[in-house]
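Each residue takes its place number in the sequence, starting with 1. Atom set for the values below is all heavy atoms of this structure, side chains included, hydrogens, waters and symmetry mates excluded.
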Amino acid sequence: MTLRAGTMRLACMFSSILLFGAAGLLLFISLQDPTELAPRQLPGIKFSIRPQQPYNDLPPASSQAGDLKAPTEKVPRDLSSQAPRGFSLLGPGRPQAPLNTGARLRPRQRRRRLLIKKMPAAAAVPANGSSSGALAQSAPWAPGGPGLSLQQSQQERKRVMREACAKYRASSSRRAVTPRHVSRIFVEDRHRVLYCEVPKAGCSNWKRVLMVLAGLASSTADIQHNTVHYGSALKRLDTFDRQGILHRLSTYTKMLFVREPFERLVSAFRDKFEHPNSYYHPVFGKAILARYRANASREALRTGSGVRFPEFVQYLLDVHRPVGMDIHWDHVGRLCSPCLIDYDFVGKFESMEDDANFFLSLIRAPRNLTFPRFKDRHSQEARTTAQIARRYFTQLSALQRQRTYDFYYMDYLMFNYSKPFADLY
């Protein structure tokens, strides 16, 4: 009798515990905000119920036979070549405009771009932060800054670039430097300098400086445009064998100069399409006019001349563009691989004179060598400024400006340039 009573008491206690547990669970659910129990939905973005995967769920890049295991910075992998160009994420409160079907992103890519936009930018870190970089210099976004030396500012630029790479690009720990990654890098052996060419960011004059440093000319003023761009006086890094590439990457001073992306794009358009050009008109101009101009004249289709800026931007943003990408408007991330190659010096076109001459002093260049100020081509025409670039971009719709900003988003982020229009997000 006593055993049966004890058994009944245990059964009652167990039932009570189950009832209290169920009641607590119901109370917890009733107090939750229902919006937190489902994935949030933004205009223009479709979420799958599957949880967000981290960046490192991407398969590592396969190593080719020519891969070079160079000592590089261990930062995330470059995604710029994977995401289709021209796609714009529509934020809350913005109308959804019809997009070219070729510009649609797969769900994982959409989530990745959204994550990038929602995460705090590296540029938001206080400007007086320091880094362990070897060289340094002053930034145009805080010109000289109160008390900021050229060296401190250079360290800040490299820190911002490295943090952007680390946060927003998939892991590059398994990636190896290939000849393709160094194909835009020029070599000057006497002063042990590697310069990555970014067109429309002072590259012509930098090549002149390298030629003087190498003893190939006595003055930058003596070197003609064709000698700079079509001669073979300067060697590219990818022309060396594997050992030569590795040695120079690990021991030479590596530098690149960048420019505000919208200004660089307008500068390229003015140079290549607003002046006679025996290459860009027949190759790019004809294809752009045939694809994007309704009722184009026979003369325009024959010569490829007269491309307008909105038509050029249509070509740029079309993931099925009729002709390929060109170095004059490609991303800096793909031209110079700054998330893979650890650059010692990052200069800016906007502060070219100070940056360039500081760099020349660091490498102990001859004292009489300074960076040339002359304009390489169309010398009677004003350089492309922020005001000139704005005038061209006002020809575009708000959506086209946004999509162009998205196209160059990583360049804006890595090199800490401000948004050129207030309505960009």
Side-chain angles (χ1 to χ4, degrees), residues 85-86 100 102-103 184 197-205 207 224-226 228-230 257-332 334-335 349-350 374-408 411 420-421:
R85 290 167 178 70
N100 185 329
R184 307 308 313 174
E197 173 190 35
V198 177
K200 313 311 297 180
C203 68
S204 298
N205 281 337
K207 290 181 187 177
Q224 299 299 315
H225 175 83
N226 287 348
V228 170
H229 290 287
Y230 307 119
F257 271 71
V258 298
R259 186 176 186 177
E260 201 282 335
F262 276 19
E263 291 181 32
R264 178 172 167 250
L265 181 67
V266 171
S267 177
F269 173 78
R270 294 175 72 199
D271 181 26
K272 305 306 179 188
F273 295 99
E274 291 188 348
H275 300 276
N277 193 294
S278 60
Y279 174 74
Y280 284 91
H281 289 190
V283 174
F284 288 86
K286 284 184 180 180
I288 290 172
L289 293 173
R291 179 78 167 256
Y292 308 108
R293 181 179 293 182
N295 304 316
S297 68
R298 287 187 177 181
E299 180 65 12
L301 293 175
R302 184 183 68 82
T303 63
S305 301
V307 172
R308 304 182 187 112
F309 188 65
E311 296 166 337
F312 172 65
V313 171
Q314 279 185 282
Y315 143 78
L316 180 75
L317 300 179
D318 189 349
V319 294
H320 299 298
R321 58 179 70 90
V323 279
M325 183 55 62
D326 184 82
I327 61 171
H328 290 83
W329 44 84
D330 204 352
H331 312 92
V332 175
R334 215 169 41 206
L335 292 171
F349 182 86
E350 294 78 13
F374 59 83
K375 197 169 184 284
D376 190 51
R377 302 181 66 190
H378 318 303
S379 56
Q380 303 305 313
E381 186 176 79
R383 292 186 187 274
T384 301
T385 61
Q387 292 74 21
I388 291 176
R390 175 171 286 271
R391 189 167 72 238
Y392 278 80
F393 271 87
T394 54
Q395 302 174 35
L396 307 180
S397 67
L399 178 61
Q400 285 177 313
R401 286 197 298 269
Q402 180 63 54
R403 292 179 64 198
T404 308
Y405 177 72
D406 289 345
F407 182 85
Y408 290 111
D411 283 1
F421 286 85

Exercise. Could you pull out all residues at least two apart from Phe393 that satisfy ring pair (Phe, Tyr, Trp, His ring centres under 6.0 Å)?
Key: Phe262, Phe309
Self-check item: Contacts of His281 that satisfy ring pair (Phe, Tyr, Trp, His ring centres under 6.0 Å) - sequence neighbours left out
Solution: none
Quiz prompt | Side-chain heavy atoms of Val307 within contact of Phe269, under 4.5 Å | solution = yes
Practice problem: Output all residues satisfying side chain to side chain donor-acceptor pair (under 3.5 Å) with Glu263, sequence neighbours left out; order by chain, then residue number. | Solution: none
Practice problem: Mind checking side chain to side chain contact (heavy atoms under 4.5 Å, CB included) for Ala290 and listing every partner two or more places apart, or none if nothing turns up? | Solution: Leu301
Quiz item: Given side chains that start at C-beta, do those of Asp326 and Lys272 come closer than 4.5 Å, heavy atoms only?
Solution: no
Exercise. Compare every heavy atom of Pro322 with every heavy atom of Ala287, then report the nearest pair and how far apart it is.
Key: O-CG, 3.9 Å
Practice problem: Would you name the heavy atoms of Trp329 and Ala268 that are closest together and state the gap between them? | Solution: CE3-CB, 3.9 Å
Exercise. Starting at OG1 of Thr394, measure out to CZ of Arg390 and round the result to the nearest 0.5 Å.
Key: 8.5 Å
Self-check item: Results of side chain to side chain donor-acceptor pair (under 3.5 Å) for Arg302 - residues two or more places apart only
Solution: Glu299
Quiz item: Considering residues at least two apart in sequence or located in another chain, which fulfil the ring pair (Phe, Tyr, Trp, His ring centres under 6.0 Å) criterion with Tyr408?
Solution: His331
Exercise. Sequence neighbours left out, what passes salt bridge (charged side-chain N to carboxylate O under 4.0 Å, His left out) with Lys207? Give chain and number order.
Key: Glu197
Quiz item: What residues form a side chain to side chain donor-acceptor pair (under 3.5 Å) with Asn277, not counting sequence neighbours?
Solution: none
Exercise. Could you pull out all residues at least two apart from Glu274 that satisfy side chain to side chain donor-acceptor pair (under 3.5 Å)?
Key: Tyr392
Practice problem: Assess whether side chain to side chain contact (heavy atoms under 4.5 Å, CB included) is satisfied between Val198 and Phe257, documenting all intermediate values. | Solution: CA-CA 7 Å; Val198 177; Phe257 271 71; over 6 Å; no
Practice problem: Spell out, as yes or no, whether a donor-acceptor pair under 3.5 Å connects the side chain of Glu311 to the backbone of Arg293. | Solution: no
Quiz item: Can you name the residues that form a salt bridge (charged side-chain N to carboxylate O under 4.0 Å, His left out) with Arg383, not counting sequence neighbours?
Solution: none
Self-check item: Spatial distance of atom CD (Glu260) from atom OG1 (Thr384) [nearest 0.5 Å]
Solution: 11.5 Å
Quiz item: In Å and rounded to the nearest 0.5 Å, what is the CG to CG distance from Leu265 to Asp330?
Solution: 11.5 Å
Quiz item: How long is the gap from CG on Leu396 to CZ on Arg401, to the nearest 0.5 Å?
Solution: 7.0 Å
Quiz item: SG of Cys203 to CD1 of Ile327: how many Å apart, nearest 0.5 Å?
Solution: 7.5 Å
Exercise. Using the test salt bridge (charged side-chain N to carboxylate O under 4.0 Å, His left out), find all partners of Lys286 that sit at least two apart in sequence or belong to another chain.
Key: none
Exercise. Show your working on salt bridge (charged side-chain N to carboxylate O under 4.0 Å, His left out) between Arg291 and Asp318 and close with a plain yes or no.
Key: CA-CA 11 Å; Arg291 179 78 167 256; Asp318 189 349; 3.1 Å; yes
Quiz item: Could Arg321 and Tyr292 be counted as a cation-pi pair, given that NZ or CZ must be under 6.0 Å from the ring centre and within 45° of the axis?
Solution: no
Quiz prompt | Side-chain heavy-atom pair Gln402, Phe421 within 4.5 angstrom cut-off | solution = no
Quiz item: Closest heavy-atom contact between Val228 and Ser204?
Solution: CG1-O, 3.7 Å
Quiz item: When you measure from the side chain of Arg264 to the backbone N and O of Val258, does any donor-acceptor pair fall under 3.5 Å?
Solution: no
Self-check item: Residues, nucleotides or ligands: over 12 heavy atoms within 6.0 Å of Gln395 CD
Solution: yes
Quiz item: What are the two closest non-hydrogen atoms of Met325 and Leu316, and how far apart are they?
Solution: CE-CD1, 4.3 Å
Exercise. May I ask you to decide if the ring planes of Tyr315 and Phe284 are parallel, tilted or perpendicular, using 30° and 60° as cut-offs?
Key: perpendicular
Self-check item: Partners passing side chain to side chain contact (heavy atoms under 4.5 Å, CB included) against Asp271 (at least two apart in sequence or in another chain)
Solution: Lys200, Arg377, His378
